[in-house]
Amino acid sequence: MNTIWNPWHGCRKISAGCENCYVYRSDAKYERDASAVKKTLNFDLPLKRNRQKQYKIPPGETVYTCFTSDFLLDEADEWRPAAWEFMRQRSDLNFMFITKRINRLAANLPSDWGAGYDNVIIGCTCENQRCADERLPIFLSLQIKNRCIICEPLLSEIDLSPYLGGGKIDKVVAGGESGDNARPCDYEWVLKLREQCRLNGVKFWFKQTGYRFVKDGKLYLIERKHQHSQARKAGINL
C-alpha cells in the first residue's frame with residue numbers, strides 16, 4: 001500500500017512551464033494560490049493514531065512525501081526538522097520525496113543522517129540535459145542510501161550514462177508532461193534512457209506518456225486517464 005503525505009503545500013514558479021505542474025493545476029481547480037507555501041493540517045500524519053491507538057499509516061507502507069510541493073523549499077525550512085523526525089521515528093515506513101533543489105539537501109539534513117536513513121528514498125528531477133549535468137553530480141556526491149532519477153516531465157533527449165555507473169542509482173523514472181499546455185515527449189528519448197539503464201544494470205520505469213506523445217514521428221494527444229496505461233502497454237520497464 002502507498003500513502004501520500006503532504007506536510008506543506010505550494011511551490012514557487014521557478015521555471016517556464018511550472019504552471020503545468022500538478023500543484024498549479026490542482027490549486028487552480030479550487031481557486032487556491034499555489035505560490036503560497038503553507039503547513040497542512042496533515043503535517044503530523046505519520047504519527048497520527050486511530051481510536052485503537054494504532055498508527056493510521058500501518059507499517060510497511062511507502063509514503064510519498066511532499067508531492068504537491070518540494071521537500072527542500074526554503075519557505076519550509078522551519079518545518080523540515082520535524083518532518084525528518086517523523087521519518088526517523090517511523091522507521092517501519094519508507095518515505096520518498098522528489099526534489100529539483102538537490103543543492104539544498106546537504107545544508108538541510110538532520111544531525112543523525114550519517115550515511116542516510118535506510119527508509120528514505122530521494123529522487124532528483126532532471127527534465128533535460130542541462131538539469132542532469134547541474135544536479136546529478138551534486139546528487140551523487142551526497143550520502144544517500146536510496147536514490148532515483150526522475151526524468152518527468154521528459155522534455156528532451158538526455159544522456160544519463162555518466163551518472164548510472166557505480167551502483168549509486170537504483171532506478172530511473174521517465175514520463176511525459178500532462179496538461180493542455182504540455183510540451184511533447186518523444187518515445188525515442190524514452191527508449192534511449194531505457195537502453196542506458198539496461199547497460200548499467202539500473203531499473204527503469206516508463207511511468208506515463210504525457211499529453212503530447214510523439215512516436216515514429218507522429219504526434220498523439222493522449223487523455224490523462226490513459227497516459228499511465230498506455231505507458232504500461234509499451235512493456236519496456238526493467
Side-chain angles (χ1 to χ4, degrees), residues 1-11 13-35 40-42 45 56-58 61-71 94-100 121 123-128 131 148-158 170-194 197 203-238:
M1 297 290 292
N2 300 322
T3 297
I4 294 176
W5 171 43
N6 294 308
W8 46 87
H9 175 81
C11 67
K13 294 183 180 180
I14 63 170
S15 62
C18 186
E19 63 274 7
N20 279 331
C21 76
Y22 172 80
V23 178
Y24 279 88
R25 290 197 310 268
S26 60
D27 280 355
K29 180 178 178 181
Y30 298 103
E31 298 183 350
R32 292 192 302 238
D33 180 8
S35 64
T40 67
L41 295 177
N42 270 332
L45 177 61
K56 289 187 175 181
I57 306 178
E61 289 201 10
T62 296
V63 181
Y64 292 108
T65 303
C66 236
F67 270 42
T68 60
S69 186
D70 190 310
F71 190 73
N94 292 311
F95 293 86
M96 179 182 182
F97 69 82
I98 295 170
T99 183
K100 62 176 63 179
I121 306 159
C124 180
T125 62
C126 302
E127 56 267 33
N128 54 39
C131 291
C148 57
I149 297 173
I150 311 296
C151 298
E152 186 184 16
L154 180 60
L155 302 179
S156 69
E157 181 177 331
I158 305 178
D170 302 311
K171 180 188 287 187
V172 172
V173 179
E177 188 172 38
S178 298
D180 293 340
N181 297 320
R183 291 157 287 187
C185 176
D186 196 310
Y187 190 48
E188 285 300 312
W189 305 340
V190 177
L191 291 177
K192 287 181 179 180
L193 281 179
R194 180 189 188 274
C197 290
K203 294 179 181 178
F204 177 80
W205 180 23
F206 180 29
K207 183 180 174 185
Q208 65 174 11
T209 61
Y211 178 55
R212 288 182 168 83
F213 186 61
V214 179
K215 185 177 181 182
D216 298 326
K218 183 177 179 180
L219 175 64
Y220 297 88
L221 302 181
I222 302 177
E223 295 182 43
R224 187 184 306 277
K225 63 182 179 181
H226 298 308
Q227 291 171 18
H228 288 82
S229 61
Q230 288 298 314
R232 286 195 301 270
K233 287 181 180 178
I236 62 172
N237 295 340
L238 297 173

Item checked: Residue pair N42 / W5: nearest heavy atoms and the distance that separates them -> O-NE1, 3.1 Å
Item checked: Residues forming a ring-ring contact (aromatic ring centres under 6.0 Å, His included) with F71, sequence neighbours excluded -> W8, W84, F97
Notebook entry, point to check: For Y64, what residues pass the ring-ring contact (aromatic ring centres under 6.0 Å, His included) criterion, not counting sequence neighbours?
Noted result: F67
Next item on the list: Measure the spacing between CZ of R212 and CG of D180 and express it to the nearest 0.5 Å.
Entry: 7.5 Å
Notebook entry, point to check: Out of curiosity, I98 CD1 to I149 CD1, how far, rounded to the nearest 0.5 Å?
Noted result: 12.5 Å
Check: Which atom names give the shortest non-hydrogen contact between T209 and A231, and what distance separates them?
Finding: CG2-N, 3.8 Å
Checklist line | Heavy-atom check, side chain of V172 versus side chain of W205, under 4.5 Å | finding: no
Note to self: Test side-chain contact (heavy atoms from CB on, under 4.5 Å) on N94 and V63; report intermediate values, then the result.
What the structure shows: CA-CA 6 Å; N94 292 311; V63 181; over 6 Å; no
Next item on the list: Output, in order, the C-alpha distance, side-chain angles, deciding distance and verdict of side-chain contact (heavy atoms from CB on, under 4.5 Å) for F204 and I236.
Entry: CA-CA 8 Å; F204 177 80; I236 62 172; 4.0 Å; yes
Next item on the list: With rounding to the nearest 0.5 Å, note down the distance linking NZ in K203 to CG in D170.
Entry: 7.5 Å
Note to self: Quick one about T40 and N6 (side-chain donor to acceptor, distance below 3.5 Å, no hydrogens or angles considered), yes or no?
What the structure shows: no
Checklist line | Min side-chain heavy-atom separation K215-Y220 under 4.5 Å | finding: yes
Notebook entry, point to check: Going by distance alone, is a donor N or O of one side chain under 3.5 Å from an acceptor N or O of the other, for E61 and T3?
Noted result: yes
Margin query: With heavy-atom distances below 4.5 Å as the criterion, would you say the side chains of C148 and M96 are in contact?
Written below: yes
Margin query: Please determine whether the number of non-hydrogen atoms from other residues, nucleotides or ligands lying under 6.0 Å from atom CG of L238 exceeds 12.
Written below: yes
Margin query: Would you say CG of L41 has more than 12 non-hydrogen atoms from neighbouring residues, nucleotides or ligands within 6.0 angstrom?
Written below: no
Notebook entry, point to check: Quick one: do the T125 and E152 side chains pair a donor with an acceptor below 3.5 Å?
Noted result: no
Item checked: Side-chain heavy atoms of N128 within contact of C126, under 4.5 Å -> no
Check: So, for G179 and Y211, which heavy atoms are closest and what is the spacing to 0.1 Å?
Finding: O-CD2, 3.5 Å
Margin query: Can you tell me if D216 has over 12 outside heavy atoms packed within less than 6.0 Å of its CG?
Written below: no
Check: Rounded to the nearest 0.5 Å, what separation is found between the OG atom of S229 and the CD1 atom of I222?
Finding: 8.5 Å
Notebook entry, point to check: Hey, mind stepping through S69 and H9 against side-chain contact (heavy atoms from CB on, under 4.5 Å) and telling me if it holds?
Noted result: CA-CA 5 Å; S69 186; H9 175 81; 5.7 Å; no
Next item on the list: Specify the closest pair of heavy atoms between P7 and C66, including all atoms of both residues, with the distance to one decimal.
Entry: CD-N, 4.0 Å
Check: When rounded to the nearest 0.5 angstrom, what is the spacing between CG in L154 and CD in Q208?
Finding: 11.0 Å
Notebook entry, point to check: How many angstroms lie between atom NZ of K192 and atom CD1 of I158, to the nearest 0.5 angstrom?
Noted result: 12.0 Å
Margin query: Can you give me the closest heavy-atom contact between G176 and C185, atom names plus distance?
Written below: CA-CB, 3.7 Å
Item checked: Set of residues satisfying side chain to side chain contact (heavy atoms under 4.5 Å, CB included) with respect to K233, sequence neighbours excluded -> Q230
Next item on the list: Over all heavy atoms of both residues, which pair between W189 and S156 is shortest? Give the atoms and the distance, please.
Entry: CZ3-N, 3.4 Å
